[in-house]
Amino acid sequence: QVQLVESGGGLVQAGGSLRLSCAASISFFSSTAMGWYRQAPGKQRELVAHITRISNTNYTDSVKGRFTISRDNAKNMVYLQMNNLKPEDTAVYYCNNLRPTSWGQGTQVTVSS
């Protein structure tokens, strides 16, 4: 069974930074591509960044150059470093594999202008 615990969210001013962490209990974690998703109020959940098992990364256009995804396979952890945050980044952030079937509680990120 997949268990995901996200943390690190908070309230930050525009231009600030946050680092999100995800503790993932996933079988064969080191062989699993992982992603960070977000869901803003009234919007669909979207994949904003993902990282392959060999740490190749990809980002949605709106966060390129500002967000960095990384992983620590020894600790079953995934991270999202978010810099130069904007109000439109406000959302609940979740981590998961790329074929999610269940979700953790997420972590709220709120960016004030």
Side-chain angles (χ1 to χ4, degrees):
Q1 185 167 347
V2 173
Q3 286 190 315
L4 301 155
V5 180
E6 300 92 347
S7 62
L11 173 64
V12 64
Q13 289 188 331
S17 298
L18 286 172
R19 187 189 192 219
L20 306 184
S21 299
C22 170
S25 296
I26 294 178
S27 298
F28 309 110
F29 174 84
S30 63
S31 300
T32 303
M34 294 293 295
W36 279 98
Y37 301 76
R38 68 185 179 188
Q39 186 167 21
K43 295 188 177 181
Q44 287 190 331
R45 195 166 345 213
E46 63 169 338
L47 177 66
V48 297
H50 77 263
I51 185 167
T52 69
R53 61 183 180 88
I54 57 171
S55 294
N56 291 328
T57 59
N58 196 22
Y59 302 89
T60 193
D61 286 346
S62 62
V63 308
K64 281 181 181 176
R66 302 188 298 120
F67 289 12
T68 303
I69 187 171
S70 60
R71 65 191 297 161
D72 184 337
N73 287 338
K75 297 180 179 179
N76 279 29
M77 296 289 294
V78 186
Y79 305 98
L80 186 68
Q81 177 66 44
M82 305 187 297
N83 297 328
N84 190 22
L85 282 160
K86 302 177 180 181
E88 52 264 41
D89 295 318
T90 294
V92 180
Y93 284 72
Y94 304 86
C95 71
N96 217 318
N97 59 37
L98 299 190
R99 294 181 179 180
T101 56
S102 62
W103 296 89
Q105 84 286 352
T107 187
Q108 175 71 48
V109 171
T110 303
V111 185
S112 63
S113 57

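Using a 4.5 Å heavy-atom cutoff, the side chains of Q105 and E6 are in contact. Between Q81 and S70 there is no side-chain heavy-atom pair separated by less than 4.5 Å.
Nearest heavy-atom pair across G9 and T107 is N-OG1, 2.9 Å. When every heavy atom of N84 is checked against every heavy atom of S17, the shortest pair comes out as N-OG, 4.3 Å.
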For this session: Test M34 against T32 for side-chain contact (heavy atoms from CB on, under 4.5 Å), laying out the working first.
Result: CA-CA 6 Å; M34 294 293 295; T32 303; 4.1 Å; yes
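A donor-acceptor pair is defined here as one N or O able to donate and one able to accept, closer than 3.5 Å; such a pair exists between the side chain of N76 and the backbone of A24. The backbone N or O of F29 sits nowhere less than 3.5 Å from a side-chain atom of N73 that would complete a donor-acceptor pair. R45 places no side-chain N or O within 3.5 Å of a backbone atom of V92 that could act as its donor or acceptor partner. Put simply, the side chain of T90 gets close to the backbone of V111: a donor and an acceptor are under 3.5 Å apart.
Rounding to the nearest 0.5 Å places CD1 of I26 at 5.0 Å from CG of L4. Here the OH atom belonging to Y59 is positioned 10.0 Å from the NE2 atom belonging to H50, to the nearest 0.5 angstrom. Within the model, atoms CD of Q13 and OG of S113 stand 9.5 Å from one another, a figure rounded to the nearest 0.5 Å. The OG1 atom of T68 lies 11.0 Å from the CE atom of M82; values are rounded to the nearest 0.5 Å.
Between K64 and D61 there is a salt bridge, since a side-chain N of the basic residue sits under 4.0 Å from a carboxylate O of the acidic one.
Between F67 and W36, the ring center distance fails the sub-6.0 Å criterion.
A cation-pi arrangement is absent between R53 and F28, since the terminal nitrogen or guanidinium carbon is not both under 6.0 Å from the aromatic centre and inside a 45° cone about the axis.
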